Amino acid sequence: MEQQMILRVKDLQTAYYVGKRRVNAVNGVSFELKRGETLGIVGESGCGKSATAHSILQLLPKNGRIEGGKVEYFPKEGEPVCLSECKRTGRKMREMRGGEISMIFQDPLSSLNPVYTIGDQIIEMLRAHEKISKKQAAVRAAQLLDKLGIPDAEKRLRDYPHQFSGGMKQRVMIAIAMICNPSLLIADEPTTALDVTIQAQILELMQQIQQEYGTSIMLITHNMGIVAEICDSVAVMYMGRVVEYGSLKQVFTNPKHPYTVALMQSVPVLGMGKDKRLVSIEGATPDGSTVFKGCPFADRCTKAGPHCFDHPPVETEPEPGHRVSCHLYTEGGAAE
Ligand code: SF4
């Protein structure tokens with residue numbers, strides 16, 4: 001039986017307006033996520049990963065606008081919801097946030113309020129979504145923290161965020177995100193601010209949650225190693241575009257786009273030998289307001305041909321379900 005879809009993003013376009021400047025943060029992004037699976041959105045800083053996530057939940061700042069495309073959410077029961085057509089502050093969008101889709105952010109410290117105890121913050125969230133007393137909410141909050149591996153949970157509810165370590169704070173953020181048992185969890189670089197051992201614990205915790213509740217996860221990261229560990233499918237983004245998309249196996253065993261290949265070569269592999277050097281991608285990500293005549297990666301691409309600088313690449317599907325936007329896979333190629 002084919003797995004049910006939970007999220008479909010089609011040709012999403014989002015722009016930020018800074019004075020008279022228009023920054024195209026998301027430029028026609030398309031991908032799908034199946035129920036119970038993990039999709040990794042990967043790319044360097046400024047490639048539009050977070051803007052895509054914020055667009056899905058309509059959490060864009062005031063100067064940000066969805067300018068085209070469609071974001072559809074498919075609940076377990078009932079009609080699909082077109083999130084991109086919901087009002088930012090409307091009832092439907094508020095129901096979706098937390099209830100169906102939750103988000104955890106990169107920096108737990110800035111997501112938690114330093115002047116309220118951890119317990120107050122979890123209890124407030126619980127009571128915002130369920131009609132329960134403060135006492136019942138406190139019991140639930142302690143159970144939740146306990147389940148997510150925080151020892152002495154009942155006592156720790158009285159502590160403030162600064163009394164928790166980085167890893168513990170991220171566990172609290174996951175607890176808050178999981179309060180209503182959402183079907184989709186969007187994790188925006190959830191382990192970037194943590195050291196490697198704590199990173200591994202948080203990833204393991206997310207996998208446990210997925211197995212227990214069947215949660216679908218959209219994981220935003222710049223780390224190909226993390227993608228390889230926990231994702232089922234991958235969307236590689238560059239300059240607000242998905243340049244390669246496919247199952248984990250397709251993208252990792254047969255990467256097509258030169259940017260994906262370069263990202264993979266920049267990840268250390270255990271036992272790779274002292275003589276092997278990690279490859280860095282020359283140059284920097286261009287400014288978001290740059291308008292490209294050809295391929296946005298052309299200035300940094302080792303495979304760029306004359307055609308690449310003048311013609312934007314179109315998406316092709318070299319194998320079923322594996323999509324790539326690069327002239328190397330169109331007739332005539334990049335050198336034409
Ligand atoms: Fe490189 Fe050309 Fe492909 Fe762009 S289209 S990634 S410049 S080969």
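Keep in mind that what you see is a predicted model, and the values were worked out from it rather than measured. Values below: all heavy atoms of this structure, side chains included; hydrogens, waters and symmetry mates excluded. Atoms within a ligand are numbered from 1 in the order they appear, just like the ligands themselves.
In this view, Glu229 satisfies the salt bridge (charged side-chain N to carboxylate O under 4.0 Å, His left out) rule with no residue, not counting sequence neighbours. Listed by chain and number, the residues in a ring-ring contact (aromatic ring centres under 6.0 Å, His included) with His54 amount to none (sequence neighbours excluded).
For residue Cys326, an N/O/S atom approaches atom 3 (Fe) of ligand 1 to within less than 2.8 Å. One of the N, O or S atoms belonging to Cys308 lies under 2.8 Å away from atom 2 (Fe) of ligand 1.
Shown in contact with Cys301 at under 4.0 Å from a heavy atom are these atoms of ligand 1, numbered in order with element: 1 (Fe), 6 (S), 7 (S), 8 (S). Near Ala304, meaning under 4.0 Å from one of its heavy atoms, ligand 1 places the atoms 7 (S). In the vicinity of Pro258, heavy-atom distances shorter than 4.0 Å reach the ligand 1 atoms 1 (Fe), 6 (S). Taking every heavy atom of His257 and a limit of under 4.0 angstrom, the matching atoms of ligand 1 come to 6 (S).
At a threshold of 4.0 Å, the pair Glu85-Lys70 does not count as salt-bridged, since none of the basic side-chain nitrogens sits closer than that to a carboxylate oxygen.
A chain of hydrophobic side-chain contacts below 4.5 Å, direct or via other Ile, Leu, Val, Met, Phe, Trp or Tyr residues, connects Tyr213 to Ile230.
Taking the side chain as every heavy atom from C-beta outward, Tyr16 and Asn24 never approach each other to under 4.5 Å.
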